[in-house]
*Asks:* 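Please see the structure below; I have some questions.
Along the sequence shown, residues are numbered consecutively beginning with 1.
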Amino acid sequence: MTLEGWVREFAENVAAQTDAIFQVGADPEDEHGDRYITAFEELRARGNEGREALCILLKHPRMDVRATAAAFLLRYRTAEARAVLEEAAKGEGLVAFGAQQTLKGWEEGIWDLDPE
């Protein structure tokens with residue numbers, strides 16, 4: 001798959017996971033989470049070229065996609081990723097909570113989504 005294909009896979013599955021969480025009777029298995037993590041691993045395997053491709057999602061129309069991409073890009077694009085997460089953290093709901101927890105983990109030095 002191309003870099004763009006993996007970026008699309010990441011975005012589509014973050015969105016699908018968020019949407020599934022709010023569906024009555026949703027399957028508790030985290031199929032979408034596994035898929036976007038696999039997409040990130042494929043991008044990361046390509047080094048900074050893959051990380052750079054993911055950066056396009058920092059401007060995605062959906063906040064859940066922006067915030068999740070930002071969480072994975074904190075080490076690579078710290079200032080931009082923090083700005084996205086800080087914006088998301090001001091909101092309400094699951095995305096805001098996730099952004100708050102990601103920022104807290106970063107500040108405490110326990111963030112490890114993309115180790116060097």
Side-chain angles (χ1 to χ4, degrees):
M1 190 178 306
T2 65
L3 289 175
E4 293 78 16
W6 286 116
V7 170
R8 186 172 46 256
E9 179 80 0
F10 183 96
E12 288 173 357
N13 281 285
V14 168
Q17 181 185 45
T18 302
D19 294 345
I21 288 169
F22 297 106
Q23 291 180 2
V24 175
D27 186 348
E29 287 194 31
D30 194 6
E31 168 187 334
H32 299 295
D34 292 342
R35 287 183 179 173
Y36 78 72
I37 289 169
T38 296
F40 178 73
E41 289 170 351
E42 289 292 332
L43 290 164
R44 183 175 66 193
R46 290 160 176 82
N48 287 343
E49 182 182 16
R51 289 177 186 91
E52 194 63 35
L54 190 63
C55 288
I56 194 166
L57 297 183
L58 295 175
K59 298 184 187 297
H60 193 276
R62 287 184 60 143
M63 178 55 82
D64 57 339
V65 174
R66 286 195 309 269
T68 304
F72 282 90
L73 290 166
L74 263 171
R75 185 183 56 78
Y76 180 68
R77 287 282 183 98
T78 304
E80 292 167 81
R82 279 188 67 118
V84 169
L85 290 166
E86 288 167 357
E87 177 188 354
K90 293 176 186 174
E92 295 181 9
L94 188 61
V95 175
F97 178 74
Q100 293 162 6
Q101 292 302 301
T102 300
L103 288 167
K104 181 180 178 190
W106 178 258
E107 291 163 8
E108 292 176 354
I110 58 173
W111 173 94
D112 65 351
L113 294 175
D114 183 21
E116 289 188 71

*Asks:* Does some side-chain heavy atom of Cys55 sit less than 4.5 Å from a side-chain heavy atom of Glu80?
*Replies:* no
*Asks:* Quick one: pull up CD1 in Ile21 and CG in Leu94 and give me the separation to the nearest 0.5 Å.
*Replies:* 5.0 Å
*Asks:* Hey, what do you get for CZ (Arg77) to CZ (Arg51), rounding to the nearest 0.5 Å?
*Replies:* 12.0 Å
*Asks:* Atom CG in Asp19, atom CD in Glu12: separation rounded to 0.5 Å?
*Replies:* 12.0 Å
*Asks:* So for atom CD, which belongs to Glu49, do other residues, nucleotides or ligands contribute more than 12 heavy atoms lying within a distance under 6.0 Å?
*Replies:* no
*Asks:* If Ile, Leu, Val, Met, Phe, Trp and Tyr residues are connected whenever their side-chain heavy atoms lie under 4.5 Å apart, and connections chain through other members, are Phe40 and Val95 in the same group?
*Replies:* no
*Asks:* Could you tell me the separation between the CH2 atom of Trp6 and the CZ atom of Arg44, rounded to the nearest 0.5 Å?
*Replies:* 13.5 Å
*Asks:* For residues Leu74 and Ile110: do they belong to one hydrophobic cluster (side chain heavy atoms under 4.5 Å, members Ile, Leu, Val, Met, Phe, Trp, Tyr)?
*Replies:* no
*Asks:* Can you get from Ile56 to Leu113 by hopping between Ile, Leu, Val, Met, Phe, Trp and Tyr side chains that sit under 4.5 Å apart?
*Replies:* yes
*Asks:* If you take all heavy atoms of Leu85 and Ala70, which pair is closest and at what distance?
*Replies:* CG-CB, 3.8 Å
*Asks:* Testing the basics here: between Arg35 and Asn13, what is the closest heavy-atom pair and its distance to 0.1 Å?
*Replies:* CD-OD1, 3.3 Å
*Asks:* Considering non-hydrogen atoms only, spot the tightest contact between Ala71 and Thr102 and give its length.
*Replies:* CB-CG2, 3.8 Å
*Asks:* Name the one of Arg62, His60, Arg66 that satisfies side chain to side chain donor-acceptor pair (under 3.5 Å) with Asp64?
*Replies:* Arg62
*Asks:* Can you name the nearest heavy-atom pair linking Asp114 to Arg75, along with the distance?
*Replies:* O-NE, 2.8 Å
*Asks:* Kindly compute the distance separating OG1 (Thr38) from CZ (Phe10), expressed to the nearest 0.5 Å.
*Replies:* 11.5 Å
*Asks:* Verify the neighbour count for atom CD of Glu92: are there more than 12 heavy atoms of other residues, nucleotides or ligands below 6.0 Å?
*Replies:* no
*Asks:* Which heavy atom of Arg82 sits nearest a heavy atom of Leu103, and at what distance?
*Replies:* CG-CD2, 4.4 Å
*Asks:* Hey, can you tell me if Tyr36 and Phe72 have their rings parallel, tilted or perpendicular (30° and 60° cut-offs)?
*Replies:* perpendicular
*Asks:* Whether Glu86 and Lys90 form a salt bridge (side-chain N of Lys/Arg under 4.0 Å from carboxylate O of Asp/Glu) is what I want to check.
*Replies:* no
*Asks:* Which pair of non-hydrogen atoms, one from Leu57 and one from Ala69, has the smallest distance, and what is that distance?
*Replies:* CB-CB, 3.7 Å
*Asks:* Tell me whether Glu42 is salt-bridged to Arg46, with the criterion being a basic N under 4.0 Å from an acidic carboxylate O.
*Replies:* yes
